[in-house]
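Please read through the structure below; I'll follow up with questions.
In what follows, chains are A, B, ... by sequence order, proteins preceding strands, each numbered from 1.
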Amino acid sequence: MKKKLQSLIQETFKKLNITLPEVVIELPKEESFGDLATPVAMPLSKILKRPPRKIAEEIINSFEEKDIFENIEIAGPGFINFTFSKSYLYSEIKNLIKDSTGFLRNNIGKGERVHIEFVSANPTGPLHLGHGRGAAVGAALSNLLEAGGYKVEREYYINDAGKQVKLLGLSVFARYKNLLDIDYPVPDDGYKGDYIGDIAQAIVRENGKRYSDAAFEDVADFFTDFSYKLMLKTVAQDLKAFGIIFDMWQSERELYENNDVKKAIDDLKIHGYIYEKDGAVWFRATDFEDDKDRVIIKQDGEYTYFTSDIAYHRKKIEKKFDELIDIWGADHHGYIPRIQAVIQALGYPKESLKVLLVQMVTLLRGGKPVQMSKRAGEFVTLKEVLDEVGADTTKFIFLTRRPDSHLEFDLEVAKAQSAENPVFYVQYANARINSIFAHAKEQGIRIEKLEEADFSLLSAPEELRIIKKLLSYPMVFEGAVIAHEPHRITFYLQELAGMFHPYYHKYKVVTDDVNLTAARLALCEAIRIVLRDGFEILGLSAPERM
RNA sequence: GCGCCUGUAGCUCAGUUGGAUAGAGCAACUGCCUUCUAAGCAGUGGGUCAGGGGUUCGAAUCCCUUCAGGCGCGCCA
């Protein structure tokens with residue numbers, strides 16, 4: 001619909017000898033402004049030094065294919081509003097049903113490869129709701145880009161090296177001793193949640209008292225590895241319960257074992273960005289836009305988290321993806337200049353990596369903040385929220401907001417709303433359509449080859465509104481892909497459901513009139529196709545009945 | 001102190017990258033189930049787009065500034 005209009009306008013420009021880099025086409029916010037509109041005459045008025053309405057008139061006058069429009073008019077300061085003819089709308093909706101993927105999906109990515117890293121929580125504790133937000137956004141963005149013709153790789157970066165996992169091992173070790181009634185101090189800065197006890201118990205189950213007399217130094221590797229691996233398993237399970245899948249799990253340890261870290265440091269050294277000071281090795285981040293230089297090898301000879309991250313991003317960038325996206329919690333935003341300095345130090349433009357920040361989630365229960373203390377191990381996990389609220393609702397709440405908006409997640413509201421929750425409203429539209437089809441089938445009505453129905457029977461204003469809404473999906477989709485904003489799909493689905501429900505209430509689809517029934521079933525089929533496409537992108541289930 | 005994010009209806013949030021008279025859901029109130037599912041429908045009220053300047057044909061959107069909230073500013077990850 002948009003493409004057609006765009007090319008028509010461009011043809012006209014050619015005839016009038018006008019050049020404009022891009023023809024902007026938009027969906028007017030009010031129906032009286034037509035189906036599509038363009039403001040092109042307004043910027044042109046500056047160039048051509050003529051009033052915009054005059055220019056708009058010239059454009060319209062030299063239009064070739066006027067028969068697909070019912071009306072073209074100039075409005076406001078110089079908008080050109082287009083209203084399509086019904087016959088054009090009918091032929092388009094027919095195409096939608098005949099070849100849904102061809103019609104809905106716009107190949108914007110053209111096979112370009114995109115790498116998206118998200119969640120990447122340390123395997124030192126269960127996922128919380130903030131991770132859940134990153135997961136929902138990352139997965140939906142991945143699906144969206146994939147649907148938009150990109151080749152997407154979803155990756156989880158596992159911080160299985162370094163101090164934190166070791167501290168996890170020590171925390172579990174202390175709890176293990178305690179379980180065997182042996183006095184052992186729990187480290188002050190150690191991990192304290194119930195899950196530490198669970199891991200310790202698993203060790204008791206499998207190994208009994210084998211390590212009861214051991215010193216931590218001697219069994220550190222065993223406790224550390226056992227603990228983080230079990231934790232990682234839990235993380236993966238929780239993500240699975242949330243419906244999130246990854247193509248790759250990149251281990252930090254592997255970067256050390258495969259010498260990627262060493263290679264990365266050497267690389268930076270060659271480029272002259274490494275120096276020694278105070279017994280430590282530094283990366284000269286201030287050569288770029290960071291405000292401090294950063295330590296990569298500490299006085300004690302240990303690497304920092306940043307060091308392996310340099311190696312990780314170097315590895316990613318050398319795989320020559322067309323686009324690299326990291327999704328981080330907003331509390332890590334101070335880390336961006338540092339990592340972009342690395343990208344540039346390695347000789348790539350800093351735009352090679354896009355960091356999408358996902359803002360904090362405040363967890364409430366009945367308007368009151370839920371006290372969370374990671375130190376004391378008191379926090380609500382993603383799993384608990386999923387059990388209480390449900391995966392679809394949780395996802396929907398995340399996906400009806402821009403990632404950079406601070407989010408208040410009230411457990412009571414999310415649950416109490418469950419009867420009138422927006423996600424059910426949208427899913428219910430799909431379930432209703434299914435039951436219409438079931439009913440039609442029972443009545444012995446043919447529900448195949450709906451594209452052969454007589455679409456011109458869909459002449460009620462509500463039907464035309466729905467058809468136009470359906471035909472605008474590719475535009476919304478395209479906008480969402482380009483902007484990397486899955487939430488646009490969420491809002492669109494709510495609007496579409498918001499048209500279907502009143503229609504359902506006012507009109508009967510299955511009637512004695514065979515031809516009308518076929519036409520309306522076809523319309524329902526088109527709605528169902530679009531709803532399901534949206535569900536798939538957002539990662540929501542599409543229940544047959546509710 | 002410096003940096004990043006946010007501020008839109010009572011509440012939670014959209015606002016198509018600068019377009020036309022600023023929208024939706026929830027909450028509140030009034031009606032609607034003998035019908036293809038009432039997780040639904042019809043109707044009513046609700047705004048200094050945080051404040052102030054600026055940029056232009058045109059600003060919730062861009063720039064400056066003030067205020068408020070959140071988050072960062074480690075040889076932690």
Side-chain angles (χ1 to χ4, degrees), chain A residues 24 26-30 32-33 37 39 42-43 45-46 51-52 75-79 81 121-122 124 159 162-165 167 189 252 278-282 291-292 294-300 302-306 308-309 329-337 357 359-360 362 367 397 400-402 404-410 413 416-429 431-440 442-443 472 475-476 478-480 482-483 485 487-488 490-492 494-495 498 501-511 517 520-521 524 545-546:
Chain A
V24 177
E26 39 188 48
L27 290 164
K29 45 180 157 184
E30 212 153 314
S32 61
F33 298 151
M42 268 121 60
S45 108
K46 213 178 217 171
F79 290 96
N81 296 338
N122 283 353
T124 52
N159 300 121
K163 212 170 129 184
Q164 294 304 314
V165 278
L167 185 58
D189 53 352
E252 181 185 1
D278 302 335
V281 177
W282 299 70
D291 48 10
K292 285 178 186 134
R294 307 294 172 177
V295 169
I296 57 169
I297 304 176
K298 298 188 268 182
Q299 279 180 344
D300 62 7
E302 294 276 312
Y303 296 100
T304 64
Y305 168 82
F306 180 51
S308 49
D309 220 12
D331 52 340
H332 289 76
H333 76 261
Y335 199 76
I336 296 175
L357 292 177
Q359 272 298 342
M360 306 282 92
T362 312
I397 288 172
T400 40
R401 283 148 175 90
R402 289 194 339 268
D404 54 7
S405 68
H406 299 257
L407 166 60
E408 296 196 345
F409 193 109
D410 193 311
V413 174
Q417 268 187 10
S418 69
E420 283 176 56
N421 196 300
V423 68
F424 295 114
Y425 183 80
V426 179
Q427 289 178 326
Y428 188 44
R432 266 186 158 167
I433 291 171
N434 282 328
S435 93
I436 292 172
F437 275 95
H439 177 76
E442 248 171 57
Q443 304 292 309
S472 75
M475 280 182 76
V476 175
E478 183 192 87
I482 291 169
E485 290 182 352
H487 73 268
R488 295 194 193 187
T490 320
F491 281 89
Y492 172 89
Q494 291 188 78
E495 287 159 14
H501 287 302
Y503 173 67
Y504 172 89
H505 187 258
K506 190 167 171 186
Y507 297 91
K508 241 169 127 59
V509 173
V510 179
T511 59
T517 300
R520 288 185 172 165
L521 282 173
C524 287
R545 54 179 67 226
M546 292 172 70

(request) Return the nearest nucleotide to the side chain of A:Phe491; candidates are B:G74, B:G19, B:C13. (result)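 Minimum distance to the A:Phe491 side chain belongs to B:C13.
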(request) Would you indicate what A:Tyr504 reaches in the nucleic acid, counting non-hydrogen atoms under 4.0 angstrom: base, sugar-phosphate, or nothing? (result)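 If one applies the 4.0 Å heavy-atom cut-off, A:Tyr504 turns out to touch a base.
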(request) Rounded to the nearest angstrom, tell me the gap between atom NZ in A:Lys298 and atom C1' in B:C75. (result)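 Result: 6 Å.
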(message) Any base atoms under 4.0 Å from A:His333, or only sugar-phosphate, or nothing? Heavy atoms, all strands.
(response)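 Here A:His333 touches the bases of the nucleic acid.
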(request) Round to the nearest Å and state the distance from A:Ile397 atom CD1 to B:A14 atom C1'. (result)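 The answer, rounded to whole Å, is 16 Å.
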(request) Could you measure between the two C1' atoms, the one in B:A22 and the one in B:A14, and give it in whole Å? (result)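 Here B:A22 and B:A14 have their C1' atoms 11 Å from each other.
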(message) Tell me whether the side-chain N/O atoms of A:Lys29 come closer than 4.0 Å to OP1 or OP2 in B:A22.
(response)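 No, A:Lys29 has no side-chain N/O under 4.0 Å of OP1/OP2 on B:A22.
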(message) Does B:A14 have its OP1 or OP2 closer than 4.0 Å to a side-chain nitrogen or oxygen of A:Ser405?
(response)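 Indeed, a polar side-chain atom of A:Ser405 lies that close.
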(request) Tell me which nucleotide among B:A14, B:C75, B:G3 gets nearest to the side chain of A:Asp278. (result)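 Between B:A14, B:C75, B:G3, the one nearest the side chain of A:Asp278 would be B:C75.
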(request) Kindly point out which of B:U17, B:C36, B:C71 is positioned nearest to the side chain of A:Ile436? (result)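 For the A:Ile436 side chain, the nearest candidate turns out to be B:C36.
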(request) Could you measure between the two P atoms, the one in B:U8 and the one in B:G3, and give it in whole Å? (result)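 These two P atoms come out 24 Å apart once rounded.
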(request) Can you figure out which of B:A39, B:G19, B:G70 approaches the side chain of A:Met360 most closely? (result)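 Nearest to the side-chain atoms of A:Met360, counting from C-beta on, is B:G70.
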(message) Just the rounded figure in Å: distance from C1' of B:C5 to CD1 of A:Ile336.
(response)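 Atom CD1 in A:Ile336 sits about 10 Å away from atom C1' in B:C5.
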(request) Among B:A77, B:C36, B:A14, find the nucleotide with the atom closest to the side chain of A:Arg401. (result)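 From the listed options, B:A14 comes nearest.
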(request) Please report, rounded to the nearest Å, how far the P atom of B:G25 is from the CG atom of A:Asn421. (result)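 Rounded to the whole Å, the gap is 13 Å.
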(request) Look at A:Arg545 and B:A39 and indicate whether a side-chain polar atom (N or O) is within less than 4.0 Å of OP1 or OP2. (result)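 A:Arg545 to B:A39 OP1/OP2: no side-chain N or O under 4.0 Å.
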(message) Regarding A:Gln164, tell me which of base, sugar-phosphate or nothing describes its non-hydrogen contacts under 4.0 Å with the strands shown.
(response)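 Sugar-phosphate, backbone atoms only, no base.
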(message) Under a 3.5 Å cut-off for both contacts, is B:U55 paired Watson-Crick or G-U wobble with anything, and if yes, with which nucleotide?
(response)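 Here B:U55 is not engaged in any pair, so there is no nucleotide opposite it.
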(message) Quick check: on RNA chain B, is the nucleotide nearest A:Tyr503 upstream (toward 5') of the one nearest A:Gly279, or the reverse? Name the residue that is more 5'.
(response)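 It is A:Tyr503 whose nearest nucleotide is closer to the 5' end.
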(message) Students often get this wrong, so: under 4.0 angstrom with heavy atoms, is A:Ala483 touching a base, only sugar-phosphate, or nothing?
(response)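 It contacts base atoms.
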(request) Taking A:Asp278 for its side chain and A:Ala280 for its backbone only, find out whether a donor-acceptor pair lies under 3.5 Å. (result)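 Absent.
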(message) Looking at A:His332, I'd like to know whether one of its side-chain N or O atoms comes within less than 4.0 Å of OP1 or OP2 on B:C4.
(response)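 For B:C4, OP1/OP2 do not have a side-chain N/O of A:His332 under 4.0 Å.
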(message) Return the NE2 to CZ distance between A:His505 and A:Arg432, rounded to the nearest 0.5 Å.
(response)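 Answer rounded to 0.5 Å: 8.0 Å.
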(message) Does any part of the side chain of A:Ile433, heavy atoms only, come nearer than 4.5 Å to the side chain of A:Val509, both counted from C-beta?
(response)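 Not touching, per the 4.5 Å side-chain cut-off.
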(message) Between A:Arg520 and B:C36, is there a contact of a side-chain N or O with OP1 or OP2 at under 4.0 Å?
(response)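 False: A:Arg520 side-chain N/O out of range (4.0 Å or more) of B:C36 OP1/OP2.
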(request) Answer yes or no: is there a side-chain heavy-atom contact under 4.5 Å between A:Ile296 and A:Trp282? (result)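 No; the side chains remain at least 4.5 Å from each other.
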(message) Taking syn as a glycosidic torsion within 90° of 0 and anything else as anti, which one is B:U30?
(response)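 The base of B:U30 is oriented anti (glycosidic angle more than 90° from 0).
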(message) Under the criterion of centre distance below 5.5 Å and interplanar angle below 30°, is A:Phe33 classified as stacked on the base of B:A20?
(response)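 Per 5.5 Å and 30° rule: yes, stacked.
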(request) Using the C1' atom on both, measure B:A77 against B:G72 and round to a whole Å. (result)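 Approximately 14 Å lies between the C1' atom of B:A77 and that of B:G72.
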(request) Would you mind reading off the distance between A:Glu442 atom CD and B:C36 atom C1', rounded to a whole angstrom? (result)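 So the CD-C1' distance, A:Glu442 to B:C36, works out to 10 Å.
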(request) Looking only at side-chain atoms of A:Asp404, point me to the closest of B:A38, B:C5, B:C71. (result)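 Shortest atom-to-atom distance from the side chain points to B:C5.
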(request) Consider the side chain of A:Arg432, meaning its heavy atoms from C-beta on, and name the nucleotide among B:G40, B:C75, B:U6 that approaches it most closely. (result)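 The answer is B:G40, which lies nearest to the side chain.
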(request) Starting from C1' on B:G70, measure out to CD on A:Glu408 and report it in whole angstrom. (result)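 To the nearest whole Å, that distance equals 11 Å.
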(message) Can you check the distance between B:U61 and B:A50, where both ends of the measurement are the C1' atom (answer in whole Å)?
(response)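 Approximately 16 Å lies between the C1' atom of B:U61 and that of B:A50.
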(message) Using a heavy-atom cut-off of 4.0 Å across all strands, would you classify A:Ala438 as base, sugar-phosphate, or nothing?
(response)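 If one applies the 4.0 Å heavy-atom cut-off, A:Ala438 turns out to touch nothing in the nucleic acid.
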(message) Suppose you measure atom C1' in B:G58 against the same atom in B:U65; what distance do you get, rounded to whole Å?
(response)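 Nearest-Å result for B:G58 against B:U65 at atom C1': 23 Å.
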(message) On the nucleotide B:G74, are OP1 or OP2 found under 4.0 Å from the side-chain N or O atoms that A:Lys292 carries?
(response)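 Answer is yes, contact under 4.0 Å.
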(request) Please evaluate the base of B:A77 for a donor-acceptor partner in the side chain of A:Asp331 within a cut-off of under 3.5 Å? (result)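 When only heavy-atom distances are counted, A:Asp331 does not reach the base of B:A77 through any donor-acceptor pair under 3.5 Å.
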(message) Measure NE2/A:His505 against P/B:A39 and give the value in whole Å, please.
(response)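 Whole-Å distance recorded here is 12 Å.
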(request) Under the side chain to side chain contact (heavy atoms under 4.5 Å, CB included) rule, collect the residues that match up with A:Pro422, sequence neighbours excluded. (result)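 Scan of A:Pro422 (side chain to side chain contact (heavy atoms under 4.5 Å, CB included), adjacent residues dropped) gives A:Phe396, A:Gln417, A:Gln494.
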(request) Whole angstrom is fine here: how far is it from CD in A:Glu495 over to C1' in B:G15? (result)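 After rounding, the reported distance stands at 10 Å.
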(request) Please tell me which of the listed nucleotides, B:G19, B:U35, B:C75, lies nearest to the side chain of A:Trp282? (result)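 Output: B:C75.
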(message) At 4.0 Å (heavy atoms only), tell me whether A:Ala440 reaches a base, stays on the sugar-phosphate, or touches nothing.
(response)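 Counting heavy atoms under 4.0 Å across all strands, no contact is made by A:Ala440.
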(request) Classify the glycosidic conformation of B:C33 as syn or anti, calling it syn when the angle lies within 90° of 0. (result)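 B:C33: syn.
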(message) Heavy atoms only, 4.0 Å cut-off, all strands: where does A:Tyr492 land among base, sugar-phosphate and nothing?
(response)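 Nothing: the residue A:Tyr492, judged by heavy atoms under 4.0 Å, touches no strand.
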(request) Take A:Arg294 and A:Ala431, find for each the nucleotide of RNA chain B with the closest heavy atom, and name the residue whose nucleotide sits nearer the 5' end. (result)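 Here A:Ala431 is the residue nearer the 5' end.
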(request) Pick base, sugar-phosphate or nothing for A:Phe306, based on heavy-atom distances below 4.0 Å to the nucleic acid. (result)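 No contact.
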(message) So A:Ala280, base contact, sugar-phosphate only, or nothing? Heavy-atom distance under 4.0 Å.
(response)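 The residue A:Ala280 makes base contact.
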(message) Please give the distance between the P atoms of B:G53 and B:U17 as a whole number of Å.
(response)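 Those two atoms are separated by 28 Å.
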(request) Consider the side chain of A:Glu30, meaning its heavy atoms from C-beta on, and name the nucleotide among B:U17, B:U21, B:A39 that approaches it most closely. (result)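 Looking only at side-chain atoms, A:Glu30 lies closest to B:U21.
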(request) Go through the side-chain N and O atoms of A:Thr124 and A:Gln164 and say whether any donor and acceptor fall under 3.5 Å apart. (result)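 No, A:Gln164 and A:Thr124 have no side-chain donor paired with an acceptor closer than 3.5 Å.
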(message) If I take atom CD from residue A:Gln359 and atom CG from residue A:Leu407, how far apart are they, to the nearest 0.5 angstrom?
(response)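 The CG atom of A:Leu407 is 10.0 Å from CD of A:Gln359, to the nearest 0.5 Å.
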(request) Between B:C5, B:C75, B:U12, spot the one nearest the side chain of A:Gln359, thanks. (result)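 Given the options B:C5, B:C75, B:U12, the side chain of A:Gln359 is closest to B:C5.
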(message) Any non-hydrogen side-chain atom of A:Val510 less than 4.5 Å from a side-chain atom of A:Ile436?
(response)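 Contact flag for A:Val510/A:Ile436 side chains = yes.
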(message) Counting the atoms with a prime plus P, OP1 and OP2 as sugar-phosphate, which does A:Asn81 contact under 4.0 Å by heavy atoms, base, sugar-phosphate, or nothing?
(response)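 Base: the residue A:Asn81, judged by heavy atoms under 4.0 Å, touches a nucleobase.
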(request) Could you say whether the aromatic ring of A:His406 and the base of B:G7 stack, counting only centre distances under 5.5 Å and plane angles under 30°? (result)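 Here A:His406 fails the 5.5 Å or the 30° condition.
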(request) Using the C1' atoms only, state how far B:C75 lies from B:G70, rounded to an integer number of Å. (result)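 These two C1' atoms come out 29 Å apart once rounded.
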(request) Could you tell me which residues satisfy side-chain hydrogen bond (donor to acceptor under 3.5 Å, both in side chains) with A:Thr400, sequence neighbours excluded, listed by chain and number? (result)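 In terms of side-chain hydrogen bond (donor to acceptor under 3.5 Å, both in side chains), with neighbours along the sequence ignored, A:Thr400 is linked to no residue.
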(message) Does the plane of the ring in A:Tyr335 sit parallel, tilted or perpendicular to the ring in A:Phe306? Use 30° and 60° as the thresholds.
(response)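 Judged by the thresholds at 30° and 60°, the geometry between A:Tyr335 and A:Phe306 is perpendicular.
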(message) For the P atoms, the ones on B:G43 and on B:C26, what distance do you get once it is rounded to whole angstrom?
(response)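 Comparing P positions in B:G43 and B:C26 gives a spacing of 15 Å.
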(request) Answer yes or no as to whether B:G40 has its base stacked against A:Tyr425, where stacking requires a ring-centre separation under 5.5 angstrom and planes under 30 degrees apart. (result)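 Whether judged by distance or by angle, A:Tyr425 falls short somewhere, so it does not stack on the base of B:G40.
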